[in-house]
Amino acid sequence: MTEYYEPNLYMSSPGFPNTMGVCVTLTEPVDGDILREVVEELRERFPYFYVRVEQDGNELIPVPNPLPMTVRNTWEPIDLRSEEANFHLGAFKYEGKRLAFEISHALTDGAGVMPYVKSVMYLYLSRKTGQVFDPAGFRLPGSEIPESEIGNPFAGLDIDGAEPPMLQKEAESDFYRLSDGTESHRCFYLMLEEEQVMRYCKDNDGSPNTVFSVFWAKAVRRADPTSEKTVSICVAVDNKAILGNHDSYRMFVNTAELDFAQDRDLSNIAKACTIARGQLMMQTMPENALWALKQKKMRHQQMAQMPLQMKTDITAQYAGVPRWSIAVSYANSRSFGPLDPYIEELYVVSTPGVTDILCEIACINQHFFLMVAQTFQSQKYMDAFLAELSEAGISYEVKRTEDANLCGVAAV
């Protein structure tokens, strides 16, 4: 039986691919041959990403995959764990100056995948430019893989003895839905000046998470001022980091919830941000994270007795039920160190699963980069969000708009 902290690979299926990744735009066109070389070389340092799926009783487990990870000169998606992907749970693609690494979210999260992408960029740009970069802060072939990265992320913690935290927020059931009823994912890629955003955060007692959450709540009210529904926004939090482990690649994202009722006055931005920050702080205390892990461990033990198909069906059903209006996620990506001058854009990419809009945030080169994915085609809410940015005095550039084209996942 697998441990509760190991990847739950049944959390992705053809109906719910659960794929995420990182998209990088370089200053020069991508050299596919160099990219293939470094991707294969990093197998030594990141063996846990070079895996395929194998069934073991009622479990799906990752096992080493000796086949090369695919690196394709196209932006068209493929299915992971298929023959076209050499049965890997991750794949690279590139086109012009853009490249992307896409991977099963059941295997890792944004905090887990970012060190890998940084290492790919280090080796790639070293060979492409001929420059000798400072290796400090990069995980490179030949370096030790610490136990904190691949072992139990919560070793030494009393998970079983966790007590319910003082604050357990009840989820909002009757929340605002943004979807227009069509199932057609659309993505917007934005670039904002970091200085303007951070100055706005400082002036209004906010953080990027809270400021963008408030902007989205205001955008909904701007787009639909007559609605009495509560705008429910979930903010992604990393239980590993909250409990002190910043190394582990394993997927332990949790959520904090912000509710913006119809009668909440959002005209005072500083007050709105202060309230939102307080709500986030109360929900991200170590005792909250510990309690969430206890619940996860208990669910894992219960589901371990179920047939694999039943687990897959239950997970897909749960994942397909909307639980919030909007999701906001800010992965730690602030700098690629000496590589920054060679990178024009950086986005964390994903598709909304339990929300109608997903706002993924990254920061590099004195700019914030937002990938906004929605489950419908209309730009009504996106236009309202851009209007909020303009009203706040934050300049932006819409770099591109396109249909979502992340990898799917083949059936086991």
Side-chain angles (χ1 to χ4, degrees), residues 22-25 110-111 114 118 187-223 231 233-238 241 255-256 258 260 264 266-281 284 325-337 339-341 343-350 355 357-374 379 381-401:
V22 178
C23 178
V24 181
T25 301
M114 197 61 73
K118 291 178 70 170
C187 296
F188 305 86
Y189 297 84
L190 281 68
M191 182 173 73
L192 292 69
E193 291 188 13
E194 180 187 15
E195 182 182 4
Q196 291 182 339
V197 174
M198 296 312 297
R199 187 188 315 121
Y200 194 87
C201 289
K202 181 179 179 181
D203 291 345
N204 292 281
D205 191 32
S207 64
N209 273 334
T210 54
V211 164
F212 286 122
S213 294
V214 170
F215 283 167
W216 275 112
K218 291 190 68 188
V220 171
R221 297 305 177 202
R222 178 189 289 265
V231 179
I233 297 179
C234 74
V235 178
V237 296
D238 184 358
T255 57
L258 303 177
F260 296 86
R264 171 84 68 85
L266 298 178
S267 60
N268 187 329
I269 300 295
K271 182 178 179 180
C273 287
T274 299
I275 294 173
R277 285 190 68 188
Q279 291 177 327
L280 288 182
M281 291 174 63
T284 55
S325 311
I326 299 163
V328 173
S329 178
Y330 183 14
N332 182 13
S333 56
R334 188 170 183 78
S335 174
F336 278 43
L339 312 181
D340 284 358
I343 298 174
E344 290 185 351
E345 303 170 45
L346 175 75
Y347 301 95
V348 176
V349 293
S350 186
T355 63
I357 282 182
L358 168 63
C359 180
E360 294 275 9
I361 307 167
C363 185
I364 189 175
N365 276 342
Q366 292 82 53
H367 288 88
F368 278 97
F369 294 95
L370 275 58
M371 191 285 307
V372 178
Q374 58 183 40
Q379 293 195 193
Y381 298 102
M382 190 68 220
D383 290 342
F385 178 73
L386 297 179
E388 292 298 332
L389 292 177
S390 296
E391 190 172 283
I394 298 174
S395 58
Y396 63 85
E397 180 181 353
V398 180
K399 304 297 290 187
R400 67 184 62 84
T401 301

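FYI, side chains are in, hydrogens and waters are out, and symmetry mates aren't considered; it's all heavy atoms of this structure. We're numbering straight along the sequence, starting at 1.
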So which atom in [X] and which in [Y] form the shortest heavy-atom distance, rounded to 0.1 Å?
X      : Y      : answer
Ser350 : Met371 : O-CE, 3.3 Å
Phe368 : Ile361 : CD2-CG2, 3.7 Å
Ala256 : Leu280 : CB-CD2, 3.5 Å
Asn365 : Pro341 : OD1-N, 4.3 Å
Gly206 : Arg277 : CA-CD, 3.8 Å
Ser213 : Ile233 : O-CD1, 3.2 Å

I'd like to check [X] versus [Y] (side-chain heavy atoms, cut-off strictly below 4.5 Å). Are they in contact?
X      : Y      : value
Val348 : Met114 : yes
Val220 : Ser325 : no
Tyr189 : Val349 : yes
Thr401 : Met382 : no
Leu370 : Phe212 : yes

In terms of ring plane angle, is the pair His367 and Phe369 parallel, tilted or perpendicular, where the classes change at 30° and 60°?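 Rings of His367 and Phe369: tilted, 30 to 60°.
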
Take Phe260 and Ile326, measure what side chain to side chain contact (heavy atoms under 4.5 Å, CB included) needs, and give me the verdict at the end. CA-CA 11 Å; Phe260 296 86; Ile326 299 163; over 6 Å; no

Inter-residue atom distance [X].[atom1] - [Y].[atom2], 0.5 Å rounding:
X      : Y      : atom1 : atom2 : value
Asp238 : Tyr330 : CG    : OH    : 14.0 Å
Phe188 : Tyr347 : CZ    : OH    : 13.0 Å
Leu190 : Phe385 : CG    : CZ    : 7.0 Å
Trp216 : Ile357 : CH2   : CD1   : 4.0 Å
Leu346 : Met191 : CG    : CE    : 13.0 Å
Ile394 : Met198 : CD1   : CE    : 10.5 Å

Using modelled atom types only, decide if a donor and an acceptor are shared between the side chain of Gln196 and the backbone of Ser395 within a distance under 3.5 Å.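 Here the side-chain-to-backbone pair exists.
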
I'd like to know whether Val328 forms a side chain to side chain contact (heavy atoms under 4.5 Å, CB included) with Leu258, so could you lay out the CA-CA distance, the side-chain angles of the two residues, the decisive distance to 0.1 Å, and finally the verdict. CA-CA 10 Å; Val328 173; Leu258 303 177; over 6 Å; no

Might you work through the side chain to side chain contact (heavy atoms under 4.5 Å, CB included) test for Val211 and Asn204, ending with a clear yes or no? CA-CA 8 Å; Val211 164; Asn204 292 281; 5.5 Å; no

Using a strict threshold of under 4.0 Å (side-chain N to carboxylate O), is an ion pair present between Lys399 and Glu344?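 Salt bridge flag = no for Lys399 with Glu344.
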
Stepwise, does the side chain to side chain contact (heavy atoms under 4.5 Å, CB included) test hold for Glu391 with Ile269? CA-CA 12 Å; Glu391 190 172 283; Ile269 300 295; over 6 Å; no

Out of Asn268, Asp205, Thr210, which one pairs with Thr274 under the side-chain hydrogen bond (donor to acceptor under 3.5 Å, both in side chains) rule?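 Looking at Asn268, Asp205, Thr210, the match for Thr274 under the side-chain hydrogen bond (donor to acceptor under 3.5 Å, both in side chains) is Asp205.
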
